[in-house]
Protein chains: 2
Amino acid sequence: MSQSLKTILSLRELILSGELKPGERLSELSIVDRLGVSRTPVRMALVRLEEEGLLEAIPSGGYAVRHFSEADIFDAIETRGTLEGLAARLAAERGPSPGQIGEIKACLRKLDILIQDEHGADTLTGYVELNEQFHQLLIHMSGSRVVARQIERAVALPFASPSAFVEVQAMLPESRAILLVAQEQHRSVVEAIERREGARAEALMREHSRVAHRNLVMALDHQGARELVPGMALIRQSA
Amino acid sequence: MSQSLKTILSLRELILSGELKPGERLSELSIVDRLGVSRTPVRMALVRLEEEGLLEAIPSGGYAVRHFSEADIFDAIETRGTLEGLAARLAAERGPSPGQIGEIKACLRKLDILIQDEHGADTLTGYVELNEQFHQLLIHMSGSRVVARQIERAVALPFASPSAFVEVQAMLPESRAILLVAQEQHRSVVEAIERREGARAEALMREHSRVAHRNLVMALDHQGARELVPGMALIRQSA
DNA sequence: TTCAGCTATTATGTATCCCAAAATCATAAA
DNA sequence: TTTATGATTTTGGGATACATAATAGCTGAA
């Protein structure tokens, strides 16, 4: 593993865990001391994490940990939903290959099976994996590198990912119901794409992203649930 | 001006002018020789230009000039339109301040005056400036940093900018008609936002971006018009 | 006591050097 | 003639030394 990658991973962990607080300025030398790598990979990591959205450049030079408001999380989810809606519409309009449709239907079936089981031991990680795979396949079906790239960037924010809220969701009593609704949306989107119904596919994908909105509200209300949301350490009320 | 910035500007110019051809691998040392700066700012510039989308990272290390297809331009425009549509909807739903509405209406009036004049000497640069300002104000009215950032990134691709096609458009016989339509869309979007009509504002902004689609088709047909489109040097048929 | 200005320190920006890995080319063997 | 292997060269990643700009702290004067 390269020193740069090691530094990126370490810094990201420090930021997401809240050890480095929002607004805190990151001096290159302090990171050098902390992580034991030289300034070159540190600088590389700082640039990459700014691109990712976790850091912001200070006008006079250097970087600080970025802070977000609750509204920012909302907007990030809405942005992802909008872009995934675009991807779904493009997929529907352009008509994906039978192979792609087969793949995503196989993914749907696996999710069905997983959901049928009452929540077992590692059901959660399995769900996260399959859910991410579904979203990935959908993006691929759009057939657009440009859109795919844009979604990648939108999802880079930790709380914007399609599975950012599965952990909090699992804590809720209505958890299972939400899962069923989400899966119904998955199924309907695929159906819409198959039938070349672009507007429907887009609307469904947008609405699908809004289960995250609901989970967000839940997470904000229940004090214990907050730390289950990745990146929650970056949230400041007044930001 | 810093060496890094100088390198970024020089490299971008070399890429957009087509002097560095799509697919061409960029060796750090060759750039050092070419531009007379050391490797450090060169490396920094390469990272930033990859982020911008002009370069792509090679798995084994290093960077190559990215190439795009005509479909990619189409998708980039559609992506921008979708995100600007999101911004317009958010602006409408949230209700911008009277000051913001005043600002964008002032911008509209200036555009009106400019369009009324028969095409004068520097009407074009004036139009580009006001047009960009309009789009900027609209983004600001959304009230969302997250959305603003995402649009910034989408617009970084040279042919995705709101004013990427004004030069080709100016060559067309129906140029004036297109301008009038675009301005009507500007006006309608502001009206929709004022009336808190989110769906209308979004649809209008999307449709507005599609004047670029039309101009793109024109540019691709007329051989002389191609080089008026920024970034056209990056287009490969089969990409 | 407060503010201005200077200085010292620390931070980032830049250049250069070293090293490891990968691509390439040449040569030899099948 | 083709393929495999080894040497050479090139390239990129990393470390460090140097230059320059920013900042904080201190001193002196109002």
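In what follows, chains carry the letters A, B, and so on, assigned in the order in which the sequence lines appear, proteins first and then strands, with residues in each chain numbered from 1.
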Can you measure Ile58(B) atom CD1 to dA22(C) atom P for me and round it to whole angstrom units? 14 Å
Check: Ala212(A) main-chain N/O paired with Asn215(A) side-chain donor or acceptor under 3.5 Å: no
Can you tell me how the ring of Phe159(A) sits relative to the ring of Phe68(A), calling it parallel under 30°, perpendicular over 60° and tilted otherwise? perpendicular
Gap between atoms CE and C1', on Met44(A) and dG13(C) respectively (whole Å): 14 Å
Length of the line joining Gln3(A):CD and dA20(C):C1', which is rounded to integer Å: 13 Å
Looking across every strand, which nucleic acid part, if any, lies under 4.0 Å from Ser2(A) by heavy atom: base, sugar-phosphate, or nothing? sugar-phosphate
Between C1' of dT10(C) and CG of Asp33(A), the distance in whole Å: 13 Å
Could you work out, with ring-ring contact (aromatic ring centres under 6.0 Å, His included) as the rule, every residue matching His140(B), not counting sequence neighbours? none
Where protein sits on nucleotides 6-12 of chain D, one letter per nucleotide: B base, S sugar-phosphate only, - none, heavy atoms under 4.0 Å: ------B
Given dT14(C), is OP1 or OP2 found less than 4.0 Å from the side-chain N or O atoms of Thr40(B)? no
Hey, are Arg89(A) and Glu78(B) close enough for a salt bridge, meaning a charged N less than 4.0 Å from a carboxylate O? yes
In terms of ring plane angle, is the pair His186(B) and His135(B) parallel, tilted or perpendicular, where the classes change at 30° and 60°? perpendicular
Not counting sequence neighbours, which residues clear ring-ring contact (aromatic ring centres under 6.0 Å, His included) with His222(A)? List them please. none
